[in-house]
Amino acid sequence: MKKILVTGGCGYIGSHTIVDLLQNGYDVISVDNNSRSTPSILEGVERITGKKVKNYCIDLCNIADTRNLFKENRDIIGVIHFAAYKSVGESVGNPLMYFNNNIGSLLNILTCCSEFNVDTFVFSSSCTVYGNPEQSPVTEETPIKMAESPYGNTKQMSEEIIQQIVKGNNLQAILLRYFNPVGAHPSNEIGEVPIGKPANLVPAITQTAIGKLSQMQVYGNDYPTRDGSCIRDYIHVSDIAHAHTLALNYLIDKRNKTQCDIFNLGTGNGYTVLEVIKTFEKISKQPLNYIVSGRRTGDVIAIYANNEKSQRLLGWKPQYSLEDMMQTAWNWELKLKEGKN
Ligand code: WQD
């Protein structure tokens, strides 16, 4: 069996990716210090797949512990690296914590890949590297812009580090630039478990709808868009997950033409904040309690993907509609309320 190490495997996208990997014939181990996640999510993975996944609860910023993990698992053939802090807002207040954690852990993983001859590497990147693009859809060749936050900076720096590292050895890497991952696994056994008040739109919507939040704010309706609210490319987390399996297959089958390839993971459709809310109201059959407030600093006006390269080279085709995204997110919020997650 092809054994893959998934870092951040107890996280939102990590856990969904583990499900897809297991369902596509890979063997998986997870490493996650559970500082921002809970190992119980792997019980949900087991309920879906019937397979137990071992999680190594260590800090990837500790090189000795990271090295020991590789020593214990010399049959690892590839790494998917999710583990990182990912809150834009938090990063503004704690830049050093973000640079130490996100870059430190990446460097340790890359060091161990080199020492243990693991040459297949998939990295969790983000459309945030494009900043505020002149126009959308953005392709992988759209120029990178100065990040709007230390979080975005760590994604840009990580991409540059990986692009440099591959030059020196036989590492084959793929950078996956996610647009806005939302929703939950259709089985409703796993989903996003935000810590504290959610910063992202869809958990803010579902928590308001379920009553955890009394009201949500739409951060501005005076943008130069069709209804004044910002435009994003929302993509179902299970579509994102499957792209990781396809990216591994692409590298393992040696179909890659360069040592470090970049792919956009978005549907190619942009929706405004108000359109997402309307879609949610339609599927939940209840009005959402929101007000329009001022703009949020650092928000990009509009961004959505050109995903032609991912479709052509990875054979990736997003399956879930915006309604599916809202429905699965709502189903998951309802389950969280029952306390059965
Ligand atoms: C989307 C839109 C908000 C909350 C961030 C990261 C990105 C990725 C996804 C990790 C914006 C509006 C939001 C609310 C609102 N994360 N909004 N009220 O900022 O596009 O991307 O998360 O990879 O890297 O930058 O996502 O969901 O926070 O915001 O009006 O309560 O929803 O203003 O227009 P964002 P988001």
Side-chain angles (χ1 to χ4, degrees), residues 8 11-14 16-17 36 81-92 98 102 123-133 136 138 144-145 147-156 158-159 175-183 192 194-209 212-237 240 243-244 264-266 270-280 288-305 322 325-326 329:
Y12 174 44
I13 304 173
H16 284 79
T17 299
R36 305 286 171 97
H81 184 48
F82 292 103
Y85 295 153
K86 65 148 196 145
S87 165
V88 170
E90 183 186 42
S91 75
V92 173
Y98 268 67
N102 292 6
F123 177 68
S124 165
S125 191
S126 168
C127 65
T128 203
V129 301
Y130 296 115
N132 218 339
S136 276
V138 294
I144 300 299
K145 279 195 163 172
E148 308 265 343
S149 69
Y151 160 76
N153 221 187
T154 66
K155 288 300 179 186
Q156 289 176 344
S158 297
E159 288 196 354
L175 313 177
L176 295 177
R177 290 177 178 165
Y178 313 153
F179 281 69
N180 286 58
V182 297
E192 186 172 14
I195 296 171
K197 186 173 184 298
N200 296 137
L201 178 65
V202 174
I205 288 174
T206 58
Q207 288 196 14
T208 301
K212 267 187 198 167
L213 298 174
S214 56
Q215 183 180 63
M216 73 159 281
Q217 297 177 26
V218 170
Y219 297 134
N221 67 350
D222 58 349
Y223 286 96
T225 65
R226 52 185 176 268
D227 66 14
S229 61
C230 295
I231 293 174
R232 294 289 185 279
D233 187 332
Y234 299 93
I235 172 82
H236 195 281
V237 63
I240 293 270
H244 290 75
N264 281 341
L265 297 184
Y271 290 100
T272 70
V273 172
L274 293 171
E275 288 166 348
V276 173
I277 289 174
K278 280 188 187 64
T279 304
F280 179 80
L288 188 75
N289 180 8
Y290 70 89
I291 54 162
V292 176
S293 60
R295 295 181 175 189
R296 181 173 69 174
T297 309
D299 264 340
V300 161
I301 299 168
I303 185 167
Y304 51 95
L322 186 66
M325 295 178 217
M326 294 302 108

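First listed ligand is number 1; within each ligand, the first listed atom is number 1.
Considering only non-hydrogen protein atoms, atom 34 (O) of ligand 1 sits nearest to C230 CB, 3.1 Å. If you check which protein heavy atom lies closest to atom 36 (P) of ligand 1, you get N200 ND2, 3.5 Å. Considering only non-hydrogen protein atoms, atom 33 (O) of ligand 1 sits nearest to D299 OD2, 2.5 Å. Closest protein heavy atom to atom 25 (O) of ligand 1: V88 CG2, 3.3 Å. Residue, atom and distance of the protein heavy atom nearest to atom 29 (O) of ligand 1 are R296 NH2, 3.2 Å. The nearest heavy-atom contact from the protein to atom 27 (O) of ligand 1 is L201 N, 2.8 Å. Closest protein heavy atom to atom 20 (O) of ligand 1: R232 NE, 2.6 Å. Protein heavy atom at the shortest distance from atom 18 (N) of ligand 1 is Q217 O, 2.7 Å.
Contact annotation: the side chain of I301 approaches that of P224 to within less than 4.5 Å [non-hydrogen atoms, C-beta and beyond]. Residues V300 and R232 are in side-chain contact: their nearest non-hydrogen atoms beyond the backbone lie under 4.5 Å apart. Annotation: side chain of V138 is in contact with side chain of I303 (closest heavy-atom distance under 4.5 Å). Counting heavy atoms from C-beta on, the side chains of M216 and L201 come closer than 4.5 Å. F123 is listed as a side-chain neighbour of K155, based on a closest heavy-atom distance under 4.5 Å. Side-chain contact between I231 and Y304: present, with at least one pair of heavy atoms (C-beta onward) separated by less than 4.5 Å. By the 4.5 Å heavy-atom criterion applied to side chains, Y271 and T279 are not counted as neighbours.
In this structure, F82 has its ring center at least 6.0 angstrom away from the ring center of H16.
Atom SG of C127 sits about 10.0 Å away from atom CZ of R177, to the nearest 0.5 Å. Within the model, atoms NZ of K86 and OG1 of T128 stand 11.5 Å from one another, a figure rounded to the nearest 0.5 Å.
Judged by the shortest distance from any of its heavy atoms, Y151 lies inside the 4.0 Å radius around the atoms of ligand 1. Contact analysis leaves Y12 out of contact with ligand 1, as no non-hydrogen atom separation drops below 4.0 angstrom.
When only interatomic distances are considered, the shortest N/O to N/O separation between S126 and ligand 1 falls below 3.5 Å.
Note on ring orientation: taking the six-membered ring where Trp is involved, the planes of Y151 and Y98 are perpendicular (angle over 60°, cut-offs 30° and 60°).
Taking all heavy atoms of Y271, F82, Y219, Y234 into account, the minimum distance to atom 1 (C) of ligand 1 is reached by Y234. Of the candidates V273, V202, N180, V276, it is V273 that places a heavy atom closest to atom 12 (C) of ligand 1.
Using a 4.0 Å cut-off between heavy atoms, K155 makes no contact with ligand 1 at all. When non-hydrogen atoms are compared, ligand 1 lies under 4.0 Å from the backbone of A199 (N, CA, C, O) but not from its side chain.
Distances below 4.0 Å separate heavy atoms of M216 from the following atoms of ligand 1: 14 (C), 18 (N), 31 (O). Using a 4.0 Å cut-off to heavy atoms of V218, the atoms of ligand 1 that qualify are 30 (O). The atoms of ligand 1 that sit less than 4.0 Å from any heavy atom of A204 are 31 (O).
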